[in-house]
Amino acid sequence: MSACERERQPVTSTPVKGAAARTHVSTYIRHALWVGDLVPGQRLVVQDLADELGVTRSSVREALLDLVSDDLVEIVRNRGARVRMISVEEAVQITECRSALERVCARRAAQYADDVQRAELTEVGRQLRAAVAENAPETYSMLNRRLHDLIIEFSGQVVAKRQLERLNTQMVRFQFRLAMRPGRPQQSLPQLLSIIDAVVAGDADAADAAAEAQLAGVIEELRATGSARPAEPVM
């Protein structure tokens, strides 16, 4: 069973409607985008989603409009809704915004993380090294994402967290999959370890600089993709 399947509500004979149904559809689609069960350009059929999630068609349509406003879905005339694709340049701009916010989070994490949290980051660093040594790019990609999530969480910066969740979902992970490209984990590992070392040491300036350097590396790699193939996610 996929992660998205675990998120689904059982289909009932009486479709769920109202605000709860609208939120359920929106949450389901956002999660599906994040884990890659939905990909850029994929059609979102109202009736199929309604049947699958046990909600009304109107709840699906309302949820899709919410996602349009968040730049995750687009409505194409005479063709319906689909997952929005983004250009390389837009991906670069999103990453520039991520960089500003993640630098704030790295700085605050260095200042406020407790001993247990610092130990957790150190363990993630160990696992990242092992993933590179074992040539396990899927594991490395997962740990990469986990590290960013932990830094944001340990920072306590709830406003930045909300904005980063929106930006990261806009990237639609399976459009630019940098962490899976040959040689990329070896290239980015020292950058990630620098963030960990700075936060664990409580050095806010170094954490800020390390986060900036890591995202600058992502931007450089994105620019090098030119016309990126639409089936590869970014980390």
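Only this structure's heavy atoms are used, side chains among them; waters, hydrogens and symmetry mates stay out.
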Checklist entry - Just wondering, are more than 12 heavy atoms of other shown residues or ligands nearer than 6.0 Å to CG in Asp115? => result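 For Asp115, atom CG is not crowded (no more than 12 foreign heavy atoms under 6.0 Å).
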Is [Y] close to [X] at the side-chain level, that is, under 4.5 Å between some pair of heavy atoms?
| X | Y | result |
| --- | --- | --- |
| Leu44 | Leu67 | no |
| Phe154 | Val199 | no |
| Leu150 | Gln117 | no |
| His148 | Leu215 | yes |
| Gln127 | Met142 | no |

Are any side-chain N or O atoms of [X] and backbone N or O atoms of [Y], one a donor and one an acceptor, separated by less than 3.5 Å?
| X | Y | value |
| --- | --- | --- |
| Tyr140 | Arg184 | no |
| Arg84 | Asp71 | yes |
| Ser141 | Glu138 | no |

Sequence neighbours excluded, which residues qualify as salt bridge (Lys or Arg N to Asp or Glu O under 4.0 Å) partners of [X]?
| X | value |
| --- | --- |
| Glu134 | none |
| Glu165 | none |
| Arg166 | Asp70 |
| Arg126 | Glu123 |

Measure the [atom1]-[atom2] distance between [X] and [Y] for me, rounded to the nearest 0.5 Å.
| X | Y | atom1 | atom2 | value |
| --- | --- | --- | --- | --- |
| Thr95 | Glu221 | OG1 | CD | 11.5 Å |
| Ile94 | Glu89 | CD1 | CD | 10.5 Å |
| Leu164 | Thr169 | CG | OG1 | 10.5 Å |
| Leu64 | Arg82 | CG | CZ | 14.0 Å |
| Glu102 | Asn168 | CD | CG | 6.5 Å |
| Ile29 | His24 | CD1 | NE2 | 10.0 Å |

[X] and [Y]: same hydrophobic cluster, using ILVMFWY side-chain contacts below 4.5 Å?
| X | Y | value |
| --- | --- | --- |
| Val132 | Val124 | yes |
| Val68 | Tyr28 | yes |
| Val104 | Leu147 | no |
| Leu72 | Ile75 | yes |

Please find the pair of heavy atoms, one from [X] and one from [Y], that lie closest to each other, and give the distance.
| X | Y | value |
| --- | --- | --- |
| Ala131 | Leu143 | CB-CD1, 4.3 Å |
| Val46 | Arg57 | CG1-O, 3.7 Å |
| Val25 | Val55 | CG2-CG2, 3.7 Å |
| Val83 | Leu33 | CG1-CD2, 3.5 Å |
| Arg22 | Ala63 | O-CB, 3.5 Å |
| Ala160 | Cys105 | CB-SG, 3.8 Å |

Item to check | side chain to side chain donor-acceptor pair (under 3.5 Å) partners of residues 152-161, not counting sequence neighbours, each pair once | outcome: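 Qualifying pairs, neighbours excluded: none.
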Item to check | Residue pairs involving residues 192-206 (criterion side chain to side chain donor-acceptor pair (under 3.5 Å); sequence neighbours excluded) | outcome: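 Sorted result for residues 192-206: Arg107-Asp205.
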Checklist entry - Taking atom types as modelled, is there a side-chain donor on Ser26 or Arg30 under 3.5 Å from an acceptor on the other? => result yes
